[in-house]
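In what follows, a structure is listed as structure tokens, so that the remarks can point back to it.
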Amino acid sequence: MVLAAPIPIRSDGILPSELPVVDLSGERAEVAKVIVKACEEYGFFKVINHGISKEVIAKTEEAGFGFFGKAMVEKKVAAPAYGCKNIGVNGDMGEVEYLLLSATTDSIAHISKTISTDPLNLSNSLSAYTEAVKELACEILEVMAEGLGVPDTWVFSRLIRDGESDSVLRLNHYPPIINREWCMEKDKDKDKSSQISKVGFGEHSDPQILTILRSNDVGGLQISLPDGVWIPVTPDPSAFYVNVGDVLQVMTNGRFVSVRHRAMTNSYKCRMSVAYFGAPPLHATIVAPSVMVTPQRPSLFRPFTWAEYKKATYSLKLGDTRLQLFRNCKR
């Protein structure tokens with residue numbers, strides 16, 4: 001369901017749960033099994049021992065908070081890379097401000113000149129982070145291919161490594177709800193454990209191949225199970241969180257699930273997340289490798305280009321289901 005405007009959300013239908021954890025320092029075949037199982041059951045997992053240095057992470061977080069701490073008039077100079085409350089072009093809203101960058105060194109260098117008094121330092125920090133999470137995404141995708149028994153283990157990662165990849169880096173900042181007495185007044189006779197917060201970023205799935213996400217130590221991310229139950233994700237600033245995108249669901253012929261998720265605000269603390277969305281080139285044709293298609297499991301989706309799918313995404317509301325538009329009618 002699309003939330004056209006931020007509204008109070010109760011904790012009904014939200015259950016704590018242990019989500020899959022992948023230790024990349026483990027034996028590769030075992031890691032592949034864990035990743036495949038997590039992608040089939042949740043479309044989501046946490047990664048530890050990922051190899052990205054604390055320094056690279058810290059510099060990016062510092063750069064993000066530095067930018068979002070500026071006066072609004074200064075941040076608006078970065079438009080259209082900068083946005084506040086508006087999510088997309090179809091009326092979706094959220095309690096969020098963001099900086100959206102093409103995940104290329106040239107693009108990052110260009111925007112750094114408009115938003116920083118030390119553009120070289122900012123550009124170097126964001127570029128180093130982008131390259132690091134890109135390599136992490138590619139490593140994970142290659143392990144996934146091995147776990148699925150795909151002979152060409154670069155079949156997924158090649159799309160992100162392509163020089164014309166449409167990957168993006170997005171920094172999201174969720175300010176705290178400083179004053180929520182109106183909520184408490186309405187619920188003064190209810191159980192004090194009943195939590196009310198606002199939607200920072202509404203329910204959706206990511207259209208790309210794979211998302212690599214990290215946030216500070218403030219919670220807010222929730223993922224949805226097929227039965228509609230929401231699971232809160234415990235923040236861990238030392239780890240990364242990975243979720244399957246729509247394109248990867250197509251390329252695994254529906255074996256992996258593109259997880260629906262949302263972000264909630266915190267009443268007293270600001271949350272910042274940095275997401276790398278690994279995407280194919282616009283001209284790339286999205287189709288499952290032949291090994292993923294069998295007589296017992298025919299192709300679920302018709303071939304399409306990333307440009308076609310991206311256009312469909314922008315034509316719909318945030319929470320609308322897009323994949324059904326590309327279902328194979330022969331089935």
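Residues Phe304 and Leu325 fail the side-chain proximity criterion, which asks for heavy atoms closer than 4.5 Å. In this structure the side chain of Ser107 never reaches within 4.5 angstrom of the side chain of Ile111, judged on heavy atoms. In this structure, the side chains of Tyr276 and Leu169 come closer than 4.5 Å at one or more pairs of heavy atoms. Residues Ile87 and Met93 are not in side-chain contact: their nearest non-hydrogen atoms beyond the backbone lie 4.5 Å or more apart. Between Phe326 and Val250, every side-chain heavy-atom pair lies at or beyond the 4.5 Å cut-off. Side-chain contact check for Val77 versus Ile115: every heavy-atom pair is 4.5 Å or farther apart. The closest side-chain heavy-atom distance from Lys33 to Lys37 is not below 4.5 Å. Using a 4.5 Å heavy-atom cutoff, the side chains of Ser123 and Ser127 are in contact.
No donor-acceptor pair under 3.5 Å is formed between the side chain of Glu164 and the backbone N or O of Pro281. No side-chain donor-acceptor contact under 3.5 Å links Ser215 to the backbone of Ser273. Asp92 places a side-chain N or O within donor-acceptor distance of the main-chain N or O of Leu318, the cut-off being under 3.5 Å. Side chain of Thr265 to main chain of Lys198: a donor-acceptor pair is present (N/O by atom type, distance under 3.5 Å, no hydrogens or angles). In this structure a side-chain-to-backbone donor-acceptor pair under 3.5 Å is missing from Asn172 to Ala275. A donor-acceptor pair is defined here as one N or O able to donate and one able to accept, closer than 3.5 Å; such a pair exists between the side chain of Asn253 and the backbone of Arg297. The backbone N or O of Leu120 lies less than 3.5 Å from a partner atom in the side chain of Asn124, making a donor-acceptor pair. Checked by atom type and distance alone, the side chain of Ser116 never pairs as donor or acceptor with a backbone atom of Ser112 at under 3.5 Å. Side chain of Ser315 to main chain of Ala312: a donor-acceptor pair is present (N/O by atom type, distance under 3.5 Å, no hydrogens or angles).
Residue Ala103 comes nearest to Thr130 through the heavy atom pair CB-CG2, 3.6 Å, listed as atom of the first residue, atom of the second, then distance. Closest of all the heavy-atom pairs between Met72 and Cys84 is CE-SG, 4.1 Å. Heavy atoms only, all atoms of each residue included: Ile48 and Ala239 are closest at CG2-CB, 4.2 Å. Looking at every heavy atom in both residues, Ile160 comes nearest to Ser167 through CG2-OG, 4.2 Å. Smallest separation of non-hydrogen atoms from Met292 and Thr252: CE-O, 3.4 Å. For the pair Met264 and Arg262, the tightest heavy-atom approach, listed with the atom from each and the gap, is SD-NE, 3.7 Å.
Side-chain contact check for Asp23 and Ser25: at least one donor-acceptor pair (N or O, by modelled atom type) lies under 3.5 Å.
Separating the CZ atom in Phe44 from the NE2 atom in His261 is a distance of 8.5 Å, to the nearest 0.5 Å. Rounding to the nearest 0.5 Å gives a distance of 10.5 Å between CG of Leu210 and OG of Ser258. Remark: His204 NE2 to Lys317 NZ distance equals 14.5 Å, nearest 0.5 Å. Here the straight-line distance linking atom NZ of Lys46 with atom CG of Leu213 works out to 12.5 Å at 0.5 Å rounding. Between the CG atom of Asn216 and the CD1 atom of Ile57 there is a distance of 12.5 Å, given to the nearest 0.5 Å. Atom OG in Ser102 sits 8.0 Å away from atom CD1 in Ile108 (nearest 0.5 Å).
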Would you check, one step at a time, whether the test side-chain contact (heavy atoms from CB on, under 4.5 Å) holds for Val36 with Arg255? CA-CA 9 Å; Val36 168; Arg255 187 165 167 184; 3.9 Å; yes
Give the intermediate values and the outcome of side-chain contact (heavy atoms from CB on, under 4.5 Å) for residues Val247 and Gln208. CA-CA 5 Å; Val247 168; Gln208 295 90 349; 5.7 Å; no
Could you give me the CA-CA distance, side-chain angles and deciding distance for Arg322 and Ser205, then say whether side-chain contact (heavy atoms from CB on, under 4.5 Å) is met? CA-CA 9 Å; Arg322 303 171 289 259; Ser205 65; 3.0 Å; yes
What verdict does the salt bridge (Lys or Arg N to Asp or Glu O under 4.0 Å) test give for Arg260 and Glu203, after you've listed the backbone C-alpha separation in whole Å, the side-chain angles of each residue and the deciding distance to 0.1 Å? CA-CA 6 Å; Arg260 296 184 70 80; Glu203 176 184 348; 2.9 Å; yes
Between Leu159 and Trp306, is the side-chain contact (heavy atoms from CB on, under 4.5 Å) condition met? List the steps. CA-CA 10 Å; Leu159 296 171; Trp306 170 238; over 6 Å; no
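Within a 6.0 Å radius of NZ in Lys70, other residues, nucleotides and ligands contribute more than 12 heavy atoms. Applying the 6.0 Å contact sphere to NZ of Lys310 captures more than 12 heavy atoms from other residues, nucleotides or ligands. Applying the 6.0 Å contact sphere to CD of Glu27 captures more than 12 heavy atoms from other residues, nucleotides or ligands. Counting non-hydrogen atoms of neighbouring residues, nucleotides and ligands closer than 6.0 angstrom, the CD atom of Glu62 reaches no more than 12 such neighbours.
Ionic pairing of Lys85 and Glu95 is present here: one or more N-O contacts between side-chain nitrogen and carboxylate oxygen are shorter than 4.0 angstrom.
The side chain to side chain contact (heavy atoms under 4.5 Å, CB included) test with Arg214 singles out one residue from Pro235, Ser238, Pro237, and that residue is Pro237.
Under the 4.5 Å side-chain heavy-atom criterion for Ile, Leu, Val, Met, Phe, Trp and Tyr, Tyr42 and Tyr241 are members of the same hydrophobic cluster. Hydrophobic clustering, with ILVMFWY side chains joined whenever heavy atoms are under 4.5 angstrom apart, keeps Val257 apart from Leu221. Residues Val47 and Phe277 fall into different hydrophobic clusters, defined by Ile, Leu, Val, Met, Phe, Trp and Tyr side chains chained together at heavy-atom separations under 4.5 Å. Taking hydrophobic clusters as Ile, Leu, Val, Met, Phe, Trp and Tyr residues chained together by side-chain heavy-atom distances below 4.5 Å, Val168 does not share a cluster with Phe201. Val150 and Val34 end up in the same hydrophobic cluster when Ile, Leu, Val, Met, Phe, Trp and Tyr side chains are linked at under 4.5 Å.
Residue pairs that meet the ring-ring contact (aromatic ring centres under 6.0 Å, His included) test with at least one member in residues 87-136, sequence neighbours left out, do not exist here. For residues 51-80, the ring-ring contact (aromatic ring centres under 6.0 Å, His included) pairs, not counting sequence neighbours, are Phe67-Tyr82, Phe68-His173.
Residues passing the side-chain contact (heavy atoms from CB on, under 4.5 Å) test with Val244, sequence neighbours excluded: Cys39, Leu248, Phe256. Remark: Lys311 engages no residue in a salt bridge (charged side-chain N to carboxylate O under 4.0 Å, His left out) (not counting sequence neighbours). For Arg271, the salt bridge (charged side-chain N to carboxylate O under 4.0 Å, His left out) criterion is met by no residue, not counting sequence neighbours.
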Side-chain donor-acceptor contacts of residues 134-145 below 3.5 Å, not counting sequence neighbours, with atom names and distances?
{"from": "Glu135", "atom 1": "OE1", "to": "Arg161", "atom 2": "NH1", "distance (Å)": "3.4"}
{"from": "Glu135", "atom 1": "OE2", "to": "Arg161", "atom 2": "NH1", "distance (Å)": "3.3"}
{"from": "Glu142", "atom 1": "OE2", "to": "Ser157", "atom 2": "OG", "distance (Å)": "2.7"}
{"from": "Glu142", "atom 1": "OE2", "to": "Arg161", "atom 2": "NE", "distance (Å)": "3.3"}
{"from": "Glu142", "atom 1": "OE2", "to": "Arg161", "atom 2": "NH2", "distance (Å)": "3.0"}

